[in-house]
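Have a look at the structure below, then the notes.
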Protein chains: 2
Amino acid sequence: MHKITDDEIITLLKENRFKATPQRLAICRFVLESHDHPSAEQIYTTIRKDYPTISLATVYKTLGLLDTIGLISELRFNATHTRYDPKMSLHINIICPKCLNIDDFESNSLNKTWQAIISDIEGEILGQRIDVYKLCKNCKK
Amino acid sequence: MHKITDDEIITLLKENRFKATPQRLAICRFVLESHDHPSAEQIYTTIRKDYPTISLATVYKTLGLLDTIGLISELRFNATHTRYDPKMSLHINIICPKCLNIDDFESNSLNKTWQAIISDIEGEILGQRIDVYKLCKNCKK
DNA sequence: TTTCTTGCAAACTTTTTGCACAGTC
DNA sequence: GACTGTGCAAAAAGTTTGCAAGAAA
């Protein structure tokens, strides 16, 4: 997993005929490098430090765009919690049902086992979302 | 998978200290037996045929209650699509990204392979959600 | 210059809440 | 009779949209 560069982001945007604006760059940078599945609000608050005039609408529009391109996935959990997941390698979202914290789980064996699972499904698989509910350390106390 | 009886539903409700009302019974019956992951609106429209005075609020309250008890899962997909999934056996939601239709996928091997996956995760697993995106027959044309 | 994007405010959708009345146990 | 649930209307929260001004190509 290497740190994505601005040039790579710009290329990605242009490949998809989107213009590279500073706001988009900032949002892409933040989301694609984040490991904690931020919410739209968190993204907005963070980006606002550098771009005080940015609006929530722009954040949503950019996130929608990234979802269209296929660089991130929207993960909706309930009415008030949507999180954005940069589409990296195959992973499991380990979700604490109490505090709603999300951790990624990856392993070498996961790829192999997942292949076994989807090999039973006919047709081309375009993507997946795997959530597992488990109390986190703090909430288990 | 046997058809759940009213008595069983009543027992389930009482075990959890909820009162058994006709509205609740109707909603539980419909959701627990449905195989197509209905939306709150669909549930409301259906139940209204027999209980014309029922309100959407009651539907949501009952669904929330069933989620608390653990009999169903809310599956949120995007801002306008929440579906309710009766928690039966382990299964994969096969979702068409175009028409948002949902099919369940179950197989004997799935249980075994899933066990292999979660055996790598430490701690007690409380539940899971597995979505796979694949164009349905109609949309593939 | 042309086209796309931003940012504001308003609109929209779904879901939740407060409360008086009614029903369950 | 005590307590919980229903159903209405209103509120809430998150997300989307229309549009004029601005920026990118």
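These numbers were taken from a predicted model, which means no experiment stands behind them. Each chain gets a letter, A, B and so on, in the order the sequences are listed, and its residues count up from 1.
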Can you find an N or O donor on one side and an acceptor on the other, under 3.5 Å apart, linking the side chain of A/Lys61 with the base of C/dT6?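 Between C/dT6 and A/Lys61, which were checked side chain against base, a qualifying N/O pair under 3.5 Å is absent.
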Once you round it to whole Å, what is the distance between [atom2] of [N] and [atom1] of [X]?
X: B/His81; N: C/dT14; atom1: NE2; atom2: P; result: 8 Å
X: B/Ile54; N: D/dG5; atom1: CD1; atom2: P; result: 14 Å
X: A/Leu13; N: D/dA25; atom1: CG; atom2: P; result: 10 Å
X: B/Leu63; N: D/dG5; atom1: CG; atom2: C1'; result: 15 Å
X: A/Leu25; N: C/dT6; atom1: CG; atom2: C1'; result: 15 Å
X: A/Lys14; N: C/dC4; atom1: NZ; atom2: C1'; result: 13 Å
X: A/Ile27; N: C/dT6; atom1: CD1; atom2: P; result: 7 Å
X: B/Leu56; N: D/dA9; atom1: CG; atom2: P; result: 13 Å

Residue among B/Asn93, B/Thr82, B/Ile102, B/Leu100 satisfying side chain to side chain contact (heavy atoms under 4.5 Å, CB included) with B/Phe77: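 Testing B/Phe77 for a side chain to side chain contact (heavy atoms under 4.5 Å, CB included) against B/Asn93, B/Thr82, B/Ile102, B/Leu100 leaves exactly one candidate, B/Ile102.
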Of A/Phe18 and B/Ala57, whose nearest nucleotide on DNA chain C comes first from the 5' end? A/Phe18
Under 4.0 Å, counting only non-hydrogen atoms across every strand here, what does [X] touch: a base, just sugar-phosphate, or nothing?
X: A/Gln23; value: sugar-phosphate
X: A/Thr21; value: sugar-phosphate
X: B/Pro22; value: sugar-phosphate
X: A/Thr58; value: base
X: A/Arg24; value: sugar-phosphate

Flag the pair A/Asp131 / A/Ile92 as yes when at least one side-chain heavy-atom distance between them is below 4.5 Å, and no otherwise. no
For a 4.5 angstrom cut-off between non-hydrogen side-chain atoms, does A/Thr53 reach A/Arg48? no
Any donor-acceptor N or O pair under 3.5 Å, side chains A/Thr5, A/Glu8: yes
Could you tell me if A/Asp67 and A/Ser73 have a donor-acceptor pair between their side chains, going purely by distance under 3.5 Å?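 Per modelled atom types, A/Ser73 and A/Asp67 side chains form no pair under 3.5 Å.
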When you get a sec, tell me which of C/dG23, D/dA9, D/dA25 is the closest nucleotide to the side chain of B/Lys19?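 Comparing C/dG23, D/dA9, D/dA25 against the side chain of B/Lys19, the answer is C/dG23.
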